There are 2 protein chains.
Amino acid sequence: MESKKDLRTITRKDIAIEAGVTETIVSYVINGNRYVKEEKRRKVEEAIARLNYRPNSMARALKGKKSNHILFIADDIKGEYFGKLISEIDGLAYKEDYFITLCADHQDEDFVNRIYSKFFDGIVIGSASFPLHNIQRLIDAGIPIVLLEIRDYSSIQGVYGLINTGLYEGSRRVVRTLYERGRRKLLFLDRVSTSGNWSSMDDWRLKGFTDQCNVYRLEPVVVSGCRTEDELSAKVIDLLASGYVPDGIFGRNDPIALVGMQACQKMGFNVPDDISVIGFDNTRLCRFSSPTLSSVEIEQSEIARWVMDMMMSLIDNRSSFEKRLEVYLDTKLVMRESV
Amino acid sequence: MESKKDLRTITRKDIAIEAGVTETIVSYVINGNRYVKEEKRRKVEEAIARLNYRPNSMARALKGKKSNHILFIADDIKGEYFGKLISEIDGLAYKEDYFITLCADHQDEDFVNRIYSKFFDGIVIGSASFPLHNIQRLIDAGIPIVLLEIRDYSSIQGVYGLINTGLYEGSRRVVRTLYERGRRKLLFLDRVSTSGNWSSMDDWRLKGFTDQCNVYRLEPVVVSGCRTEDELSAKVIDLLASGYVPDGIFGRNDPIALVGMQACQKMGFNVPDDISVIGFDNTRLCRFSSPTLSSVEIEQSEIARWVMDMMMSLIDNRSSFEKRLEVYLDTKLVMRESV
DNA sequence: CTGAAAGCGCTTACAG
DNA sequence: CTGAAAGCGCTTACAG
């Protein structure tokens, strides 16, 4: 088979020949940063259209232009939560001529080096487990960074974007809501993680829950450290069997909340009569369980909008900012049958 | 604020100086394609480690090396299905030093031009709505392509990878299963799409369903053309109210199946006594609905493995293949309470 | 065994 | 108004 490499290799030179102008002229037409005589401009534009030419982004990036790639680091690509968010960001990015590269969080040091290879104009970090010192390293290196504030990032120095997605306030509201319904014995169910990556106190959801419980002088129980949903279910059942019966359960995300709910049901408790359950993320799961699950909804579209907004600002004028850009978003609690 | 650009700009030159060798030597050490005296090699390797150097991928790609970026085109980034798949692929890709760029399918012609800008070593197409002629264009251009066979791709010419994920056989098995349980009046619920992107007969799920119904001489009903889940629900309710009561429902994916199931329940029918329901993708939804939902499971890990496998083969030796690479995978039907 | 040099496809300061 | 030229950071054929 013949190599058809040529088909993808329409270069500036081809356009110059096709349009009968210098390569320089082609560049200036594309970048629009110098006056070019109307006639030449038209010829170039026609040639570009005719040959479907697009300047090679790598060559441009090499010369200091943008690569038009943004990296999104997530720790749970699988979850529906990120799916929606990525999908929204992708839509906005496409309009700005950007591509989104998606990557799970990797713990090895080499990961940062790989990112360093200069491919990305900016990085969005939506992972709760990406090491702080690595984030700092990337910021210090001058790469535009936008952080989704899943945990406490107040120690991070420098210029970057910070999007507080309202996890902390949302979690506090869950506690307030449960409290107002007379619930006093609250149970927090942490995420399950095969890699042992559970929430610590700088996790905003757990912290919001704990802080608000303190306000009410409640003594909540936290179930953490499970590697599978089955393990979590068993732990909850043990807890119930041992005589500790909560009257309110807050799951770190919807599936977790549902695992808890099912465990309660299995032990003969009624949701919501005996125990109220609230989840987080308001995924589709909420509408199909029985009872349907109340859940905290994060404003995905708003987040996506801010991610791109901050990223574009940082990419274009990073050096003009004195300190980090911040925005605080709200969550809303979607009430269904489980409370 | 000072520009800290320099921090991300450790180049081959820096390594050469640090190691006291020529830049050429550094290149050969990195690429390992020429003998370099042991001592120099060690010095270079040490300098690389000390300075955390990584060759600029764009410069390498410009010189004909790989960009180490693979593009994944999906039409439903949001769905849990793609989330899992992407996550698996990302894991494998990372080991091969590749990044996965994720992009929703865009219908405009310019989309292909953008892809052309030479950024990607290969493209995985997991979208059912990416125009066939654009796929052909990319293949003809010599870009390694792997297709997830969501619909019929038999008309595509040339060398590429094709992964048949078993949708057709899986759908036929659903019909067989329902038939064996005595179900004769079958209903297929198509996806909802705000952009009007519904299944046609080259969609393997719908085709598998229809073909197997023909084998049994059944006369199934297909509900398609809905833009929202509420609309779909209303349509099903109308259907039931009008007197057509199916005894078996097959949903194109799990949420769709659950919408159908809830509509039936709302109309007073019992699932599974009156009506059996089966979904597709075996997402988490299945375990939390009541009754729990039977569903066809696709082998995500196997698909991911084959995607990367074929992609690596095509990238490394595309020209050595005479025709397309194919693999047929199986699905399994996970039975739960809804049948 | 190794270096100087050409060149990948661009951008833009420099010099008309 | 416009062109020839330098250079981005690399790879590798060419010539020792």
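Chain letters run A, B, ... following the sequence lines, proteins first and then strands; every chain starts at 1. Just so you know, these numbers come straight off a predicted model, no measurement behind them.
- Atom pair B:Ile17:CD1 and D:dG9:P shows a separation of 12 Å (rounding to whole Å applied).
- Counting only heavy atoms from C-beta on, A:Arg34 has its side chain closest to D:dG3 among C:dT2, D:dG3, C:dT12.
- In DNA chain C, runs of at least 3 consecutive Watson-Crick or G-U pairs, each pair with both distances below 3.5 Å, span C:1-3 with D:14-16, C:5-12 with D:5-12, C:14-16 with D:1-3.
- When each of A:Tyr28 and A:Pro55 is assigned the nucleotide of DNA chain C bearing its nearest heavy atom, the one mapping closer to the 5' terminus is A:Pro55.
- Close to C:dG3, at under 4.0 Å from its OP1 or OP2, lies no side-chain N or O of B:Lys37.
- Here A:Ile315 contributes atom CD1 and A:Ile70 contributes atom CD1; the two are 4.5 Å apart, rounded to the nearest 0.5 Å.
- Between C:dT12 and A:Lys65, a contact under 4.0 Å exists linking OP1 or OP2 to a side-chain N or O.
- Considering only the side chain of B:Tyr35, C:dC1 comes nearest among C:dC1, D:dA13, D:dC10.
- If you take NZ of B:Lys63 and P of D:dG9, they are 15 Å apart, rounded to a whole angstrom.
- A straight line from CG of B:Asn33 to P of C:dC1 spans 16 Å, rounded to a whole angstrom.
- In this structure, B:Lys66 atom NZ and D:dC10 atom C1' are separated by 16 Å, rounded to whole Å.
- Here D:dC10 presents its P atom at 11 Å from CE of B:Met58, a figure rounded to the nearest Å.
- If you check every strand for non-hydrogen atoms under 4.0 Å, A:Ile25 touches sugar and phosphate atoms only.
- Using a 4.0 Å cut-off, no side-chain N or O of A:Thr11 falls inside it from OP1 or OP2 of C:dG9.
- Of the charged side-chain nitrogens involved, none lies within less than 4.0 Å of a carboxylate oxygen, so that B:Glu38 and B:Arg42 do not count as a salt-bridged pair.
- The pair B:Lys66-B:Asp97 does not count as a salt bridge, with every side-chain nitrogen at least 4.0 angstrom from each carboxylate oxygen.
- An OP1 or OP2 oxygen of D:dG9 is reached within less than 4.0 angstrom by no side-chain nitrogen or oxygen of B:Tyr53.
- Here B:Lys40 reaches the OP1 or OP2 of C:dT2: one of its side-chain N or O atoms lies under 4.0 Å away.
- At C:dT2, none of the side-chain N or O atoms of B:Thr24 fall inside 4.0 Å of OP1 or OP2 (strictly under the cut-off).
- Note: CD (A:Glu23) to P (C:dC8) measures 10 Å, nearest angstrom.
- Distance, A:Leu62 CG to C:dT12 P: 13 Å, rounded to whole Å.
- Taking atom CZ of B:Arg60 as the reference point, atom P of C:dG9 lies 18 Å away to the nearest angstrom.
- Comparing C:dT12 with C:dG16, their C1' atoms sit 16 Å apart, to the nearest whole Å.
- Ring geometry, A:His69 versus A:Phe99: the interplanar angle falls from 30° to 60°, so the pair is classed tilted.
- Judged by the 6.0 Å and 45° rule, B:Arg114 forms a cation-pi pair with A:Tyr94.
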Exercise. In sequence, state the C-alpha distance, the side-chain angles, and the governing distance for A:Tyr160 and A:Tyr153, and then conclude on ring pair (Phe, Tyr, Trp, His ring centres under 6.0 Å).
Key: CA-CA 11 Å; A:Tyr160 57 96; A:Tyr153 281 132; 7.9 Å; no
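- Aromatic ring pairs are classed by plane angle as parallel below 30°, tilted from 30° to 60° and perpendicular above 60°; the pair A:Phe111 and A:His106 is perpendicular.
- Between A:Asn56 and C:dC8 there is no side-chain polar atom (N or O) within less than 4.0 angstrom of OP1 or OP2.
- Checked for salt-bridge contact, B:Lys43 and B:Glu39 meet the test: a charged N lies under 4.0 Å from a carboxylate O.
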